[in-house]
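What follows is a short report on a single structure.
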Amino acid sequence: MVRFETNWNNGQLRHPCYFLAPGGYMAELVPGGRWLLATVKRRRGTLLYHDLDSQVSERKARVLVDHNHEGWTIWTMDFAVDPTAARFEFDLALELATEDQAYRRASGPRKIAIWRVILNHSNELVAQHTCSFSGYNFNVALKVTRAKYLELPEGGAKLLPDGRIVSVFVDRVELHAPPKECWEEGPSIPQDMPRVLPQWVFEYKPSTNQPRSKVSRLMYYPKLNSVVFSFHNRGSLFTFRIVTDRDSLPEVTTVVNPVMEDRAFIRLGTSHAIRNTPGRKEAVLVTFPQSAQLPALHSFAGITNSQTSNAESQEPCSVTETLFEAPLPSGGGGWEMDEQSGRVLCTLRGRWDNSIALYEANGHDNYDPVILRIKRRRNSLLPVSRLHRELLHSVFQLALPNQRFGRSYRYHPFEYYDALFTIRQVSHSWDCEISTTPLFWTLTSSEFSSPFLDLVLERSQDAALDVVALSGQEGSDYWRSADAYWGEAVKAYLSRVMERGIREFHVRVPTGENLDPYIVDRLNPRMKVLSLYGEDQLTSTRPLQTPQLVDLHLVGCSLPWNHIHNLRCLSLKKASSPNLAQLVQVLHSSPMLQELKLSRIAPPPEDASNQAVVPADSIILPHLSTVTIHNTSLDLASGLLYRLFPSTTCRVFIDQGLDGEFDMSGFCQQAGRLCTPAGLVRQGIEPRLFILPHQLYLGMGPGRGVKFFKLDWSRKEKQSTTPGRAELARFFLEGGKGILSKVSISRLHLHVEPRSVVAEGLAIAHDFFPDIVELDITIEEGMDMFAVLAEPINGEGNSGWPLPKLSVLNIKAVWGESGPYDSVITMVEKRMHAAALSPSSLSAITTLRFAGGRVTSGSLESLDMLGIKYELNSVAVL
C-alpha cells in the first residue's frame, strides 16, 4: 500500500489516505506533489497516474501511456515540468526495452519516446506523443536524419526543459541539441553512416558494472533557470549544473570518493539525499542547506573533509533515520518526498488496515512522527524559515491586524489572536518562534475564557501586558452599560492582570466605579498607552503615576493635567476639560506630539483673570502630522489655532457647528494657514469650495479643510453683522494665500446654492485660483450667472478676463429639470470670439460636460459648428 496525506497544502487538518500500489518497477512524484506516475507489475509497458488531490475517496489509477501491446517494457522515465505554462504540463521521456533486456543484454532494439503531458479542463492528464527514436543495445546508433545517428546510452538519458538531451555512457556524458524534426526509427544502422555530434562531451575513467541507480533525478530550478543532476562511478562523484538556454555548457563539480561502495545509493535533490542499504529495513535521509551539499554527501559516503576537494561549505549535516521498509522503486528508501511542495509518500508492506485503525482511534498513525520530522527538517531549510529573527518579527507584525489598538481605538483581541494562530500554521518553526516569544502574548481581555487567559499569561512571562476591559460593543464610544458597577468576573480579571506590569490599559468605567485603585493609586512605570471610556463625566482629582505614558485617549473623562507631558498622541472626547491654559501647557511639554484629536470639548467659562494666564507663546510641534477638531468650544479652538505651528505636512481638519454670533473671521484665517501648509508646494491639489444653505466647506486635499454647519444660514446671515459664508471663505483662503500662490492648481471644484451666491463663488475662483484650466461646478439655478466669464474685468487696478486659462467647464445641475444650458452655450460662443481676437490673454472653452438639466438641439448644433467638444449625462435635449 501507498500512504499519503490530504489537506497537505491548505492549512487544514491532515488526513492519511491509502491506496494499492501498482506494483511495477517505478513510481515517481511529478514536481508539485499532486500526480504520482507508476508502472504496472504485469503490464510493464503501461504507465498509470494517480491524482492525490482527488476528492473521490477511492483513488483509481488511470492509464497515461500504454506501450504494452507493442511488446515494450518501461525501463526508466524522466520528466521536465514547464513552470511558465498557463495550465500544468510537463515533458515525459520513457526509455523502452524488451522484457528480456530488463534482465540480460539482448540484441533487440531499444527505444526512447518523448511525450507532452497536459492537464485538461476535466482535471485529467492527457499525453501527446511528440517524438521517438530507437537503436540497438550498446553498439548501435540512433537515426536522427537521413545522414546522422545518435548512439543510445547505457546509463540512461535525461530530458532538459529546453528540449536538449543528456546521455550518460560508461565513460562519458554527452549533451545533444533538441531535434529539429521528428526522429526516424531505424531497424538497422549502416556502419559507414556518420553519428550526430554532441554539443558537449565530458569524459571520465570508466568503471566495471556501472549501476544504473547511480544517476540521480534531474532537478529543475525555475528561478535560477538551471537543472542539476549527479552520478558516481564508485571512484568519483560528479555533479552537473546546466543553464537551460540551449547554448550554455554544463558546469561540473568532481569529488574523489575512493571508499564509496555500490550499495550506497545517492539521490541528490535540493535539500536532501537518500541512502538505502539492501538487506536492511532502514533508509537514511540526509537533509542539508543548499550550500552544504558536498559535505552532506561526504558524510553519506564516510569521507573526511581532508580527503575531499572543492568543498563549498563545512556546515554540519543532520541525519534522520526512518523505519520505513519496502521502498518505492525510485525512492531509494521507504518514502518519496516532493521537493517543491513537501508532500511525503511512503510504502507499507505490513497490514495497512492497522494504520487506519490507529488513525481513527488517536487521530494519527504510527508513521506520523517520522514524517513530521522529515517535513520539519525540510521546511527548516526553506528561505522563509531561515530569516533573521528581527526580520521575521517584522513580517509577523505586518501580517497581524494593523496597529493592534491603532489610532482608531477599536479593540479586537479575538481578531488579533485569530490572525496570530493563522500565522502559526505556516510552519513548525514559525509556530515555535511565536509560541516562545512573550511579546506576541501580551494582549488580554476580560472576554477571554479562564483557560485561554491562563495560557496568555503563561506565555507572556514577565512582559508588560495590554489590558482590555470593554464590555458590550467593544470600542463603541456611544454605548452605555446598563450596569452601574463591574461584574465579579471583570473585577477578578483586573485584580489578576494588575499584579503584572501594564503597557496598555483600555477600560470602560461604569458610572458607579472608582478607577483610582487601579490607575491613580498605583505606580505604573511601564504604561505607555491609556484609554478610558467614562460615563457621566468620570473625574479624577489626583495625578497619574505613569512616567512613560505617550498615548492618551479619554472619552467622558477628566484628569489632572499638570503632570501629563511627553505625549505622542492625545485624543479627547465628550469632556469638560482641559481648558485653554491646561491644553497649551500639555502641548508645550509634548514636543514629540504626532496626533491631536479634540471632539466635543466644552470647558466651563473662565473669568478674565484666568484667561490672562494662558501663555501667548507659539506652540511649535515639528512632528505633528494630524489635527482634528470636531464641535469643540470655539474659544478653545480659536486660542489653539492662533498658537499652533505644526509640521509642514500636517493634515488639519476642522468640523464645527456654529451657534450664536461668534466672529469667525480670525478663526477662518488661522484655519486657512494650518490647512495650507508649506508641504503642499511639492504636490498638485484640487481645492473644493462648497457654499450651501446650511453649510460651508473648504477643502485643500484629503484630511485638510474646514466644514461649518449652521441651520438656515442663508436667512440668518442677512440679519447678522458677522461675516457671511462667502466672506468666511475669503478669510480662509487669505490665510493660505502665500502657499496657494506657489502650488500648481489646475482644477477647482465649486458647489454653490442658491442663485445669489453663484456670482460670489465665481469671483472667489478668479481671485484665488486665476490659473485653473478646468472648473467643476454644481448649482441649483442661475445658469445666466456664467455670462461673467465672457465679460472683461474693468475694475480699478484690476483689468483683464475672469479665469483667463479656463478651457474645460463641467456643470452639474442639482435638479434634473434645472437649466436650460443655452445661456452657458451662448457665453462659450462669445468667449471663443473674444479669445480669437486676443489669444495671448484669453483661452477659449473647448470642452463642455453637462450633467442633468436641459438643452435645446439648436444650441448643440452651434457647438458642432464651432468644433467644441461636449458630453451629455442625463440631459434632456429639447
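This is a predicted model, so every value here is computed, not measured. Hydrogens, waters and symmetry mates are skipped; everything else that's a heavy atom, side chains included, is used.
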Legend entry - T444 (side chain) donor-acceptor with D466 (main chain) under 3.5 angstrom: yes
Inset, instruction - Could you please spell out the steps behind the side-chain contact (heavy atoms from CB on, under 4.5 Å) verdict for V507 and W486? - result: CA-CA 11 Å; V507 177; W486 281 317; 3.5 Å; yes
Inset, instruction - Examine R424 relative to F396 and say whether NZ or CZ is less than 6.0 Å from the centre of the six-membered ring and inside a 45° cone about the ring axis. - result: no
Inset, instruction - List the steps and the verdict of side chain to side chain donor-acceptor pair (under 3.5 Å) for E433 and H393. - result: CA-CA 9 Å; E433 181 63 29; H393 285 192; 2.8 Å; yes
Legend entry - Side chain S427, main chain W430, donor-acceptor under 3.5 Å: yes
Legend entry - Audit row: R500, S460, side chain to side chain donor-acceptor pair (under 3.5 Å) steps and yes/no: CA-CA 10 Å; R500 298 269 300 272; S460 62; 2.9 Å; yes
Legend entry - Spacing of L567 atom CG and S589 atom OG [to the nearest 0.5 Å]: 7.0 Å
Legend entry - Criterion salt bridge (Lys or Arg N to Asp or Glu O under 4.0 Å) on R459 and D454, from CA distance to verdict: CA-CA 9 Å; R459 292 188 173 179; D454 294 340; over 6 Å; no
Legend entry - From CA spacing to verdict: side chain to side chain donor-acceptor pair (under 3.5 Å), S531, H506: CA-CA 5 Å; S531 300; H506 309 267; 3.0 Å; yes
Legend entry - Ring center gap for H553 and Y533 short of 6.0 angstrom: yes
Inset, instruction - Would you please indicate if the ring centroids of Y697 and F708 are separated by under 6.0 Å? - result: no
Inset, instruction - Check whether any side-chain heavy atom of F645 sits under 4.5 Å from a side-chain heavy atom of L621, and report yes or no. - result: no
Inset, instruction - Return yes if some donor-acceptor pair links the side-chain N/O of N579 with the main-chain N/O of A581 below 3.5 Å, else return no. - result: yes
Inset, instruction - Enter the distance from R522:CZ to Q545:CD here, rounded to the nearest 0.5 Å. - result: 11.0 Å
Inset, instruction - Could you tell me the separation between the OG1 atom of T546 and the CG atom of L552, rounded to the nearest 0.5 Å? - result: 8.0 Å
Legend entry - Polar side-chain atom of E595 near backbone of C569 as donor-acceptor pair, under 3.5 Å: no
Inset, instruction - Assess the pair F667 and Y642: is the distance between their ring centroids shorter than 6.0 Å? - result: no
Inset, instruction - Output the distance between atom CD (Q582) and atom CG (L559), rounded to the nearest 0.5 Å. - result: 10.5 Å
Inset, instruction - Check ring-ring contact (aromatic ring centres under 6.0 Å, His included) between W713 and all other residues, then give those that pass, not counting sequence neighbours. - result: none
Inset, instruction - Please answer whether the main-chain N or O of I434 pairs with a side-chain N or O of W441 as donor and acceptor at a distance below 3.5 Å. - result: yes
Legend entry - Listed partners of F653 passing ring-ring contact (aromatic ring centres under 6.0 Å, His included), at least two apart: none
Inset, instruction - Look at the side chain of T628 and the backbone N and O of K597, then say whether any donor-acceptor pair between them is shorter than 3.5 Å. - result: no
Legend entry - Atom pair CZ/CD1 of R704 and I654 - distance to nearest 0.5 Å: 13.0 Å
Inset, instruction - For T632 and H630, indicate whether the former's side chain and the latter's backbone hold a donor-acceptor pair under 3.5 Å. - result: yes
Legend entry - Ring-ring centroid check F452 Y417, cutoff 6.0 Å: yes
Inset, instruction - Run the numbers on T442 and R503 for side chain to side chain donor-acceptor pair (under 3.5 Å), then give the verdict. - result: CA-CA 9 Å; T442 58; R503 181 178 63 176; 3.2 Å; yes
Legend entry - Between CD1 on residue I619 and NE2 on residue H588, distance to nearest 0.5 Å: 4.5 Å
